[in-house]
Each structure stands twice: as C-alpha cells, then as structure tokens.
Amino acid sequence: MKKHGILNSDIAKVLVDLGHTDKIAIGDAGLPVPDGVKKIDLALFLSEPSFLSVLQVVLSDMKVEAVVLAEEIKDQNPKQLAAVKAELKDNEAITYVSHEAFKQQLKDVKVVIRTGEATPYSNIILQSGVLF
C-alpha cells in the first residue's frame, strides 16, 4: 500500500502520466466539464472537499509552471484568489481570462478534478512544468 503522496488512484495516475505543458483543472462543484474530458469527482457535499485543500495536495505532487484563472475571481472571490496566490511559487505565471474563455480552455485539459467548493470562480488550470 502507498505510504506517501496522493492516495486517490485516479489523480495519482493522471499526475504520473503528465508531460511538459500538459494541463489539468481543479474546479468547484458547478464547473461544467466538456464532453470527452475525464472528470474525477471528489465532491462529497457542498464545501467538501474544499477547492483549496485539493489544490494544496495536487501542488505538493505536481511541478507547475503556469496557471489560468478566471478574471472574475479578482472581484467576485478575492479571498480565494489570495489563498491561491499564497500556495503558488513565484515562478508560476498566472494568466487571467474571462470565465467563458476559461471554460473553453477546459477542452484541452487531461482531467477536471471536481471539488465540493461552493464559492464563485474557484477554478484553476495547472500547466505541468519540468522537474529539471
């Protein structure tokens, strides 16, 4: 049995299979997942697990070089934005796009991890970096 790291076998498998510039998304309970994109549903009930707790676990096991957030998070959920920025390292580029453009970019991710988060615009796309 695995002793450290992510125990969810679906998430662990996705992360192991990522190549440089591959993307995954972590979303709130209401984020629509495009047809053909794999969804890993962790939602138990509203607010659990939280977006931030899932993001923290994924970031502990994934090298990220860039992220995409919805522009609307700045005004509609500044507390969540501050928490996300606190988790990111200084070398990760943040791009802000409209929420509609964000949803369009979901067509290019390997997986969307659904959380139980119930606050607006608590969604992120993570682009895989290089370990060396």
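Only this structure's heavy atoms are used, side chains among them; waters, hydrogens and symmetry mates stay out. Remember, predicted model here, so these are calculated numbers, not experimental data.
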Practice task
Please report the C-alpha distance between Ile26 and Val112 in whole Å, then the side-chain angles of each, then the deciding distance to 0.1 Å, and finally whether the side chain to side chain contact (heavy atoms under 4.5 Å, CB included) criterion is met.
Solution key: CA-CA 6 Å; Ile26 301 171; Val112 174; over 6 Å; no

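- Val16 belongs to no multi-residue hydrophobic cluster, having no ILVMFWY side-chain contact under 4.5 Å with any other such residue.
- Side-chain N or O atoms of Asp22 include one that pairs as donor or acceptor with a backbone N or O of Gly19 at under 3.5 Å.
- A 4.5 Å side-chain heavy-atom check between Ser128 and Met62 finds at least one atom pair inside the cut-off.
- Here salt bridge (Lys or Arg N to Asp or Glu O under 4.0 Å) pairs that include residues 111-125, with residues two or more places apart or in two chains, are Asp41-Arg114.
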Residues 6-14, side-chain donor-acceptor partners within the protein, below 3.5 Å, at least two apart:
from, atom 1, to, atom 2, distance (Å)
Asn8, OD1, Asp10, N, 3.0
Asn8, OD1, Ile11, N, 2.9
Lys13, NZ, Asp17, OD1, 3.3
Lys13, NZ, Asp17, OD2, 2.6

Extract all donor-acceptor atom pairs below 3.5 Å that involve side chains of residues 92-100 and protein atoms in other chains or at least two apart in sequence.
from, atom 1, to, atom 2, distance (Å)
Glu92, OE1, Lys89, N, 2.5
Ser98, OG, Ala101, N, 3.0
Glu100, OE2, Lys103, NZ, 3.0

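- For residues 69-90, no residue pair satisfies the ring-ring contact (aromatic ring centres under 6.0 Å, His included) rule, not counting sequence neighbours.
- Listed here is the closest heavy atom pair of Pro120 and Asn77: O-ND2, 2.8 Å.
- A 4.5 Å side-chain heavy-atom check between Ile125 and Val67 finds every atom pair outside the cut-off.
- A continuous path of Ile, Leu, Val, Met, Phe, Trp and Tyr side chains, each step under 4.5 Å between heavy atoms, connects Val68 with Val109, placing both in one hydrophobic cluster.
- Shown here is Lys107, whose NZ atom has no more than 12 heavy atoms of other residues, nucleotides or ligands within 6.0 Å.
- Sorted by first then second residue, the salt bridge (Lys or Arg N to Asp or Glu O under 4.0 Å) pairs that include residues 26-37, not counting sequence neighbours, number zero.
- Counting heavy atoms from C-beta outward, Ile113 and Val58 have side chains that approach closer than 4.5 Å.
- With hydrophobic clusters built from ILVMFWY side chains whose heavy atoms lie under 4.5 angstrom apart, Ile24 does not share a cluster with Val33.
- Among residues two or more places apart in sequence or in another chain, the salt bridge (charged side-chain N to carboxylate O under 4.0 Å, His left out) test is passed with Lys38 by none.
- Applying the salt bridge (Lys or Arg N to Asp or Glu O under 4.0 Å) definition to pairs two or more places apart or across chains, none involves residues 120-131.
- Chaining together hydrophobic side chains whose heavy atoms lie under 4.5 Å apart places Phe45 alongside Leu44.
- Listed by chain and number, the residues in a side chain to side chain contact (heavy atoms under 4.5 Å, CB included) with Glu65 are His20, Thr21, Gln127 (sequence neighbours excluded).
- A continuous path of ILVMFWY side-chain contacts below 4.5 Å connects Leu42 to Leu126, so both sit in one hydrophobic cluster.
- With rounding to the nearest 0.5 Å, the separation of NZ in Lys23 from CD1 in Ile124 is 12.5 Å.
- Within the 4.5 Å cutoff, the side chain of Val37 has no heavy atoms near those of the Asp108 side chain.
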Using distance only, find each side-chain donor-acceptor pair of residues 46-55 under 3.5 Å and give its atom names and separation, not counting sequence neighbours.
from, atom 1, to, atom 2, distance (Å)
Ser50, OG, Ser53, N, 3.0
Ser50, OG, Ser53, OG, 3.0
Ser53, OG, Ser50, N, 3.4
Ser53, OG, Ser50, O, 3.0

Distance-only check: which donor-acceptor pairs under 3.5 Å involve side-chain atoms of residues 78-88, not counting sequence neighbours?
from, atom 1, to, atom 2, distance (Å)
Gln80, NE2, Ser122, OG, 2.9
Glu87, OE2, Gln56, NE2, 3.0

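- Within the 4.5 Å cutoff, no side-chain heavy atoms of Tyr121 are placed close to those of Leu69.
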